[in-house]
**Student:** 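Take a look at the following structure, please.
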Amino acid sequence: MIRAEKVTKRFGKLIALDKISVECEQGQSISLIGPNGSGKTTFIKSILGMVVPDSGTILFDNKDIRNNWNYRRTIGYMPQIGQYPQNMTIAQLFRMMKDIRKSEHISYDEELLELFEIPEIMGKRMRTLSGGTRQKVSASLAFLFNPDVLILDEPTAGLDPLATEILKEKIRKEKTKGKLILITSHILSDLDDIVSEVIYMQDGMIQFNKSLKQLKADTGEENLAKAIANVMRNS
Amino acid sequence: MNKMVKYVMIDILRNKMVLGYTLLLLIVSLSVFSLDDNPSRGTISLLNLILIIVPMVSLLFSTIYVYNSTEFIELLVTQPIKRSNIWTSILAGLMSSLCIAFFVGVGLPVLFFGNSQTGIALIVAGLILTCIFVSLAMLASVSTRDKAKGIGLAILLWFYFTIIYDGIVLFTLFQFSDFPMERPMILFTALNPIDLARIMILLKLDISALMGYTGAVLKDFFGTTWGFGVTLSAMLIWAFVPAWISLRRFKSKDL
């Protein structure tokens with residue numbers, strides 16, 4: 001579904017992505033793991049077209065995403081730090097987003113919106129929201145349009161335990177619908193029962209890309225956190 | 001497209017700056033016209049004020065606005081919207097709201113008090129100047145990520161076109177005073193949109209005789225319908241080219 005071929009991106013001297021080649025298929029749920037500054041967010045942003053790679057191509061449903069924008073209809077994206085127009089209320093934000101993406105959807109998936117109890121604070125302006133509430137808004141927006149692909153960048157950072165559980169439950173539910181889910185997170189215990197594949201990145205390169213089962217077998221550990229710790233120690 | 005322009009316009013109008021700008025222009029033009037009985041003299045006084053205020057406000061407001069909508073832009077690029085659509089919507093929103101402000105603040109008083117060919121020229125020149133400097137502001141704000149640098153660049157541009165450029169031209173004229181400089185002057189003028197606007201209006205006023213031989217040459221060139229057309233196209237190029245460059249840069253910008 002998403003295929004990256006030798007994607008390279010430099011920021012000045014820093015090589016953020018170094019000839020990354022990945023293939024992601026429908027129904028997979030993939031976790032991108034790696035130390036800070038290893039290029040995870042840059043990679044996600046290049047899939048979304050926010051960062052333009054210096055070389056290499058990214059194909060979405062076999063179509064090059066360069067100068068293409070329509071493919072984003074099928075993506076729900078939750079950013080690491082949600083940036084929203086400061087003066088808008090939550091209600092205005094949702095109304096605008098629905099208006100912008102109107103032509104494509106009849107039914108909205110407002111489950112998260114309800115579970116996070118956002119309707120009760122609809123009148124609040126975005127700038128008055130706490131970091132966690134903002135994350136909740138980001139998450140609800142990502143799931144709102146029932147997209148085929150979910151890209152979640154540090155989804156649980158800043159959420160309270162209850163909200164984290166709600167979000168994880170929702171991700172699991174969407175996974176069973178056969179959606180492609182791409183998650184980055186440093187809280188590996190959150191990912192354990194969600195992901196099926198693991199991509200480990202370091203210094204802009206992919207160190208390995210294998211299924212969770214395979215990784216556990218290779219390292220002889222029982223859970224993801226220990227397995228990754230094992231890998232990091234030995235690399 | 002129209003949807004996006006709508007949201008940009010709502011956002012700009014929610015900002016009280018544009019309203020304040022309209023009121024400022026309104027106060028300036030009303031006081032100028034009520035101080036002077038002669039509407040054509042009033043138009044000249046107004047011209048000098050406008051040539052300073054309009055470029056400055058258009059540049060600064062637009063630059064600051066674009067920087068303040070970084071979040072808005074970042075949100076929109078992750079949605080199924082063309083990048084060029086986002087950028088042109090911001091451009092169109094800024095141009096139209098500032099042009100409306102100018103038309104209400106200056107256009108209406110001029111039409112009411114000093115309705116003449118000069119008055120019309122003043123309105124047209126002011127509207128195009130607004131577009132030119134919004135377009136330059138878009139270029140300044142796409143050039144650097146740093147808000148302080150971007151605003152600094154905008155101030156520098158304003159300073160350059162209002163003061164430094166004229167200084168350079170005067171200096172050149174002085175250095176080459178032994179040579180006929182009248183024709184090169186036409187070129188020099190075309191390189192500064194503010195000068196273009198000034199000449200476009202002054203020549204309608206029939207006081208070019210005061211400007212000596214250069215004035216006569218300018219009048220010969222700019223005073224004709226053809227010259228007026230050239231001036232107008234030069235100004236439109238000034239409005240179009242920076243916007244176009246900024247759009248090309250925005251399309252491949254990393255956010």
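Letters go in sequence order (proteins before strands), and every chain restarts at 1. Heavy atoms only: backbone and side chains are in, while hydrogens, waters and symmetry mates are out.
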**Student:** For Y7(B), is it the side chain, the backbone, both or neither that has a heavy atom under 4.5 Å from a heavy atom of chain A?
**Tutor:** side chain
**Student:** Without hydrogens or angle criteria, can the side chains of K251(B) and N67(A) be said to hold a donor-acceptor pair below 3.5 Å?
**Tutor:** no
**Student:** Within the distance-only criterion (no hydrogens, no angle test), does the side chain of K82(B) pair as donor or acceptor with the backbone N or O of W69(A) below 3.5 angstrom?
**Tutor:** no
**Student:** Between R101(A) and P80(B) (side chain of the first, backbone of the second, donor and acceptor by atom type, cut-off under 3.5 Å), is there such a pair?
**Tutor:** no
**Student:** Are there residues of residues 36-56 of chain A whose heavy atoms fall under 4.5 Å of chain B's heavy atoms? If so, which?
**Tutor:** K45(A), L48(A), G49(A), M50(A), V51(A), V52(A)
**Student:** Is it the case that the side chains of R125(A) and N87(A) hold a donor-acceptor pair, with the cut-off being a distance below 3.5 Å and no angle test?
**Tutor:** no
**Student:** Using non-hydrogen atoms and a 4.5 Å limit, figure out which bit of L76(B) sits close to chain A: side chain, backbone, both or neither.
**Tutor:** side chain
**Student:** Does a side-chain heavy-atom distance below 4.5 Å link I194(B) with W238(B)?
**Tutor:** no
**Student:** Checking R198(B) now: which residues fulfil salt bridge (charged side-chain N to carboxylate O under 4.0 Å, His left out) with it, not counting sequence neighbours?
**Tutor:** D195(B)
**Student:** Can you say whether the rings of Y160(B) and Y165(B) are parallel (under 30°), tilted (30 to 60°) or perpendicular (over 60°)?
**Tutor:** perpendicular
**Student:** Between R66(A) and T57(A), is there a side-chain donor-acceptor contact under 3.5 Å, judged purely by atom types and distance?
**Tutor:** no
**Student:** Evaluate the side-chain proximity of F188(B) to N192(B): yes if any heavy-atom separation is below 4.5 Å, no if none is.
**Tutor:** no
**Student:** Please check: side-chain N/O of R134(A) versus main-chain N/O of Y84(A), any donor-acceptor pairing under 3.5 Å?
**Tutor:** no
**Student:** Using 30° and 60° as the class limits, which term best fits the ring planes of Y71(A) and F60(A): parallel, tilted or perpendicular?
**Tutor:** tilted
**Student:** For residues W158(B) and I52(B), report the shortest heavy-atom separation together with the two atoms involved.
**Tutor:** NE1-O, 3.4 Å
**Student:** Does anything in residues 7-34 of chain A reach chain B? List residues with heavy atoms under 4.5 Å apart, or say none.
**Tutor:** K9(A), F11(A)
**Student:** Between atom CZ of R3(A) and atom CD1 of I58(A), what is the distance when rounded to the nearest 0.5 Å?
**Tutor:** 12.0 Å
**Student:** Measuring heavy-atom distances to chain B, does M97(A) have an atom under 4.5 Å in its side chain, in its backbone, in both, or in neither?
**Tutor:** side chain
**Student:** In terms of heavy-atom proximity below 4.5 Å to chain B, should Y77(A) be classed as side chain, backbone, both, or neither?
**Tutor:** side chain
**Student:** Ignoring hydrogens and geometry beyond distance, is a side-chain donor-acceptor pair present between S185(A) and D190(A) at under 3.5 Å?
**Tutor:** no
**Student:** Output the distance between atom CZ (F94(A)) and atom CG (D99(A)), rounded to the nearest 0.5 Å.
**Tutor:** 14.5 Å
**Student:** So what's closer than 4.5 Å to chain A heavy atoms on S69(B): side chain, backbone, both or neither?
**Tutor:** neither
**Student:** For residues 54-64 of chain B, give me every residue with a non-hydrogen atom less than 4.5 Å from any non-hydrogen atom of chain A.
**Tutor:** none
